[in-house]
Asks: 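Right, I'll just put the structure down here and ask away after.
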Amino acid sequence: RKREDDDNLIDSFDSSDVRSHQSSRSNGSNNAHNKYADGDSVSSGSSRRHSSRRSSTGDTLHDSHRSDRRRSATGGDDYDGTRQSPRRQNSQRLSPKPDSRVRRSDRRPSTSMNGDSSSSSLPPPILPPTDGFPPPPSYNDVVKDRPLPNSAAPAGEAVARRGPSVRETLPSIPPPLVMDNAPREMKKQRRPQRPRQDLPMRKLKEKAINEYKSLKMEKRIEVLPINTHQGRLRHSVNGCAVISPLVVSHHLRSPPSVADSEVVSVIDKECGPLLREIRGKLELGGDALIIPSDVHDHLVDKKILKQSWFVDATGGNIMDPEHVGNFLTMLESGEKNSHKDRKTGATLFFREHVVSIVKVPIPGRPGKFYYDLIDSMPGLVDSLNRRLATRTRCKDIGAFEVLLRWYGAHKFSESNCNYIDKHVWDDAMADLDPRVFQAFVWGQPVSSKQ
C-alpha cells in the first residue's frame, strides 16, 4: 500500500515541476556539500549509481523523520548507506529540510572561528609531505650572525627584509660561552696553586734513599741500638703514642739529654699503666691506637708534660721542603728564636706511627746540638738475632732534614707512589694523603736555668 501511495504522489508531479526540482537539487547539492562537509551528502559514486534507477522508476520518497530515525539506527552521519534501500538512498540526495538542518547543527559543534555554524567552514587540513617534514634549524643557523648589542650595520649597507625571521622573533639571547677551557679553569680554582713536583715519587724516593746512605757513609748520620723495642712485652703493643711523649718529657727533665736506659724504662715499664688509663678513659679496646693529641692532654693533666713547655704544633706534606722547614725552625730555635740555645723535643706522627725527636746539646760545644730520632719499633738486629729499637743521630740540622726526607719516602708503598703522582697536595684532603705528618714541639722553658 505504501508503494502505491508513493506512485500516486509521483504521478501528481508534472514534467516541468520534476525538471525544476532536479535542477534546484543539483545546484543545492554543492552548497549542501560545502556546508555539511563532515558527511551530510552522500558520495558522488552513490549519486551516479542510483540516478538511473530513480529516473526509470520515479521513486523519490522524501521523508525527513524516517531518514533521521534510520540514520540514528545505522550509525549517524558517518554511515556510508551501502545497506540502505534504493528509496532510502534517493531520499538522501534531496536537500535537507530547514528543521532537520537546525537539528543537525545543534548536535554538531561549530567549526568556525567565531562559533557561528552558518559562517564559511575552515579550509581542509594540509596533508604532510610524502618525503617527511624538513629538519628543524640548527642552533648555529638561528644564532649565528646575530648583531651584538649596540652594534650597527656598516655604513652604506642596506638590509632587505621580507618580514620577521625566526631569529628576529626569538628573545634576546646572549652569545654562547666558549667552554673549551672552562673545565681546566675550574680545576685550577679548586686545586691549590702549589706546582706539581718535578720528579715522579719513585725517583724522589730513590734520591732520598741515596742521600741518606751517603750521609751514613760520611758519619753525619749514625744508627744506634736501644736494648728493647715496642711490643716485646704485651702491655707495650701499639703504645708509640704514649712512649714518644714520655721520652720527650724525660729529655726535657734530664741533663743533658734522655739516656738509652730511660728509653728502655719508658718502653718496658712506664707506658703500660698510662696506656690502660687513657684507653679506659676513651673507652677503647685493649690494643687500640690512640690519637697523639688525646695522649698529650692526659699527660698535661697528670703533670708529666707541662703546658709551659709547649712551643707549637705543625704539619703538612713531609716531602714538601716548606712544610718540613717550618717544623725544623720550631725544633731548632722555637718561635722568634725563643729556644735557639735550649733543649727541645717533638713527637712526630706519620703513617700511623709516632716517634720522638730530641735536640741534644753537644758537650764542650756551646750552641751546638745533635738531633736524634728515637723509634720504639725494632729497626736493628744484634748478633743474638734480637730485634732492637733505634736512636738515629744526626750531627747537624742539614743531616736531620735528609733523615726526615728518607724516613718519609722509604715508607711509601707502590700504591702510595701512584697516588702521589696523580694528586697535588691539598690541605683539605690531607687526611687521605699518605704524605701528611703532624708534629708537636715542646721545649725547655725560657725561665729555666737548665
Asks: Would you tell me whether N418 and S415 have side-chain atoms, one donor and one acceptor, within less than 3.5 Å of each other?
Replies: no

Asks: Are the side chains of T314 and T329 in contact, using a 4.5 Å heavy-atom criterion?
Replies: no

Asks: Rounded to the nearest 0.5 Å, what's the gap from NE2 on H235 to CD on E270? Could you check?
Replies: 10.0 Å

Asks: Is any side-chain heavy atom of K281 closer than 4.5 Å to one of D301?
Replies: yes

Asks: Could you pull out the closest heavy-atom pair between I420 and P434, with the gap in Å?
Replies: CG1-CG, 4.0 Å

Asks: Quick one about D268 and T228 (side-chain donor to acceptor, distance below 3.5 Å, no hydrogens or angles considered), yes or no?
Replies: yes

Asks: Distance only, no hydrogens: is a donor on one side chain within 3.5 Å (strictly under) of an acceptor on the other, for H298 and E277?
Replies: yes

Asks: May I ask you to say whether K359 pairs ionically with D372, meaning some side-chain N is under 4.0 Å from a carboxylate O?
Replies: no

Asks: Does one side chain, of H251 or S257, offer a donor that lies under 3.5 Å from an acceptor on the other?
Replies: yes

Asks: Once you measure the plane-to-plane angle for F400 and F327, does it fall in the parallel (<30°), tilted (30-60°) or perpendicular (>60°) bin?
Replies: tilted

Asks: Can you classify the ring geometry of F440 versus H296 as parallel (below 30°), tilted (30 to 60°) or perpendicular (above 60°)?
Replies: perpendicular

Asks: About how many Å separate CZ of R435 and NE2 of H423, when rounded to the nearest 0.5 Å?
Replies: 9.0 Å

Asks: Check step by step if salt bridge (Lys or Arg N to Asp or Glu O under 4.0 Å) holds for E332 and K340.
Replies: CA-CA 6 Å; E332 182 182 19; K340 184 177 181 179; over 6 Å; no

Asks: Within the 4.5 Å heavy-atom criterion, are E401 and L328 side-chain neighbours or not?
Replies: yes

Asks: Given side chains that start at C-beta, do those of S249 and W309 come closer than 4.5 Å, heavy atoms only?
Replies: yes

Asks: Quick one, K203 with D421, criterion salt bridge (Lys or Arg N to Asp or Glu O under 4.0 Å). Give me CA distance, side-chain angles, the key distance, then yes/no.
Replies: CA-CA 11 Å; K203 293 292 184 181; D421 290 338; over 6 Å; no

Asks: For the residue pair Y371 and F369, categorise the inter-ring angle as parallel (less than 30°), tilted (30 to 60°) or perpendicular (more than 60°).
Replies: tilted

Asks: For H353 and D375, test the side chains for any donor-to-acceptor distance below 3.5 angstrom and give the result as yes or no.
Replies: yes

Asks: Is it true that the side chains of R279 and N238 contain a donor and an acceptor less than 3.5 Å apart?
Replies: no

Asks: Quick one: do the R232 and S236 side chains pair a donor with an acceptor below 3.5 Å?
Replies: no

Asks: Heavy atoms, side chains only, cut-off 4.5 Å: are L305 and W442 in contact?
Replies: yes

Asks: Parallel, tilted or perpendicular, judged at 30° and 60°: which one describes the rings of F412 and F350?
Replies: perpendicular

Asks: Ignoring hydrogens and angles, state whether a donor on the side chain of T392 or E222 is under 3.5 Å from an acceptor on the partner side chain.
Replies: no

Asks: Can you measure from CD1 (I357) to OG1 (T344) and round to the nearest 0.5 angstrom?
Replies: 9.5 Å

Asks: To the nearest 0.5 Å, what is the distance between NZ (K216) and CD1 (I221)?
Replies: 8.5 Å

